[in-house]
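First listed ligand is number 1; within each ligand, the first listed atom is number 1.
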Amino acid sequence: MRVAIVGFGLIAEQGHVPAYKARDDINLTAVVDPVTARRAAALRKYSNIRVYETFSDLLEEYSDEIDIIDICLPNALHVENVKQALAANKHVLCEKPLVLNKTEYNELVQIASQRQCILYPCHNYKFAPSIVHAAYLINSGEIGEPLFASFNIFGVGFQSGVPQWKPDWRKDKALAGGGIMIDHGLDAISVAQTLFGGSPQRISAHTRSLNEPDTQLEDLAIFCLDWENKLINISLSSIGSIPKASYRIQGTEGEISIENNDVFLSVKNKPVQHIFVPTYFDDPGHSNWYHGLIDNLLDCIKTKNTEPFPLMEAGLVLDIIEKANYSSNNGGSWMPLEFTAKSLQLVG
Ligand SMILES: NC(=O)c1ccc[n+]([C@@H]2O[C@H](COP(=O)([O-])OP(=O)(O)OC[C@H]3O[C@@H](n4cnc5c(N)ncnc54)[C@H](O)[C@@H]3O)[C@@H](O)[C@H]2O)c1
């Protein structure tokens, strides 16, 4: 499959490109970026690709040589560029968040379906090895019936983009579309969905903008999801000084704890098992997570599955984020969620 990347920034260079380079079923043929230094960075990795300043130039000149458009742009630019790619009948891989609200989401899902193109959001935490392993342990019944999970994702400020464009675009509400919920919140919800399947019924949330009050973007969020008889508690913070993510799941028969590359399985009356699963949450590119994701994308293209699982999940995430804001503005009261498990069972 021939791929063109639109937006050659941090995640394109450190996440997507190393994964593409390691595969023989993907051929990167073109890159679009308005910044000369970013096009030069792309040419340093692949000397024989075409580079363009605008997406329209690429589509005008080189469209026949592309099967998949890979959108790695800042969040608010996704929707228009995805539309342009679908209008050219291309399959689309799009970085997360796919879009910023449910209206944009519904519109893109409809266009992709009409065009019979695969629209695949990069929900790469679903493919993080330690998360996949924990899902396997839960599905094998190792901890009995899961009852409770607590995820703590603590970061240091909002992540910067490449220095040659607008490194602080995540602090600009018009470009970012949201704060920590749309960034790490999306990942945490995707992890919960991978571990437990189905979907939550309601949410209670508290969000705050502590270090960035002028931006009106939340940098602290604590929310609880009532998820088919389980309670999932998620704490997200970017106000700290040491980045750290941990995931803990308790069931009727035992417990799983994930700390970066270490998975601990503790089953009643048995010694604790330590399983080393190389995952590297602290690597900003997570390039080894993209292989499972690309395999799934290529499979969807092959089987003409226009409802890839992460596309359904993107709708769930937008509903949760919208209701988290309502809940937080209403003292943390429970808000019902509209996205049902049924819609998440459309695809395997
Ligand atoms: N899945 C993950 O783990 C993960 C990690 C980091 C970032 N992301 C997502 O990837 C996206 C990009 O983030 P980033 O950190 O790489 O940003 P970045 O700022 O490093 O890169 C953005 C790039 O887009 C280019 N650009 C700007 N306007 C453009 C246009 N109109 N056409 C073409 N190129 C244009 C910029 O020159 C820059 O090179 C965001 O949506 C972000 O949420 C995902």
Tabulation required: pairs of a nitrogen or oxygen in ligand 1 and a protein nitrogen or oxygen under 3.5 Å; columns are atom names and distance to 0.1 Å; otherwise 'none'.
from: ligand 1; atom 1: 1 (N); to: Glu95; atom 2: OE1; distance (Å): 3.0
from: ligand 1; atom 1: 1 (N); to: Asn124; atom 2: OD1; distance (Å): 3.2
from: ligand 1; atom 1: 1 (N); to: Asn124; atom 2: ND2; distance (Å): 3.1
from: ligand 1; atom 1: 1 (N); to: Tyr290; atom 2: OH; distance (Å): 3.3
from: ligand 1; atom 1: 3 (O); to: Asn124; atom 2: ND2; distance (Å): 3.0
from: ligand 1; atom 1: 15 (O); to: Arg170; atom 2: NH2; distance (Å): 3.0
from: ligand 1; atom 1: 16 (O); to: Leu10; atom 2: N; distance (Å): 3.2
from: ligand 1; atom 1: 16 (O); to: Ile11; atom 2: N; distance (Å): 2.9
from: ligand 1; atom 1: 17 (O); to: Trp169; atom 2: NE1; distance (Å): 3.4
from: ligand 1; atom 1: 19 (O); to: Trp169; atom 2: NE1; distance (Å): 2.8
from: ligand 1; atom 1: 20 (O); to: Leu10; atom 2: N; distance (Å): 2.9
from: ligand 1; atom 1: 20 (O); to: Val162; atom 2: N; distance (Å): 2.9
from: ligand 1; atom 1: 37 (O); to: Asp33; atom 2: OD1; distance (Å): 2.7
from: ligand 1; atom 1: 37 (O); to: Asp33; atom 2: OD2; distance (Å): 3.3
from: ligand 1; atom 1: 39 (O); to: Phe8; atom 2: O; distance (Å): 3.3
from: ligand 1; atom 1: 39 (O); to: Asp33; atom 2: OD2; distance (Å): 2.7
from: ligand 1; atom 1: 41 (O); to: Leu73; atom 2: O; distance (Å): 3.1
from: ligand 1; atom 1: 41 (O); to: Asn75; atom 2: OD1; distance (Å): 2.7
from: ligand 1; atom 1: 41 (O); to: His78; atom 2: NE2; distance (Å): 3.1
from: ligand 1; atom 1: 41 (O); to: Lys96; atom 2: O; distance (Å): 3.2
from: ligand 1; atom 1: 43 (O); to: Asn75; atom 2: OD1; distance (Å): 3.2
from: ligand 1; atom 1: 43 (O); to: Lys96; atom 2: O; distance (Å): 2.8

(request) Kindly give the cluster partners of Phe276, where membership spreads through any ILVMFWY side chain lying under 4.5 Å from a current member. (result) Tyr280
(request) Kindly say whether the aromatic ring centers of Phe281 and Trp289 come within a distance under 6.0 Å. (result) yes
(message) More than 12 heavy atoms of other residues, nucleotides or ligands under 6.0 Å from CZ of Arg39: yes or no?
(response) yes
(request) Considering only NZ, NE, NH1 and NH2 on the basic side and carboxylate oxygens on the acidic side, decide whether Glu218 and Arg208 come within less than 4.0 Å. (result) no
(message) Which residues pass the side chain to side chain contact (heavy atoms under 4.5 Å, CB included) test with Arg115, not counting sequence neighbours?
(response) Asn89, Ile111, Cys117
Less than 3.5 Å apart, which donor and acceptor atoms pair up between the side chains of residues 138-148 and the rest of the protein, not counting sequence neighbours?
from: Asn139; atom 1: ND2; to: Ala135; atom 2: O; distance (Å): 3.2
from: Ser140; atom 1: OG; to: Tyr136; atom 2: O; distance (Å): 2.5

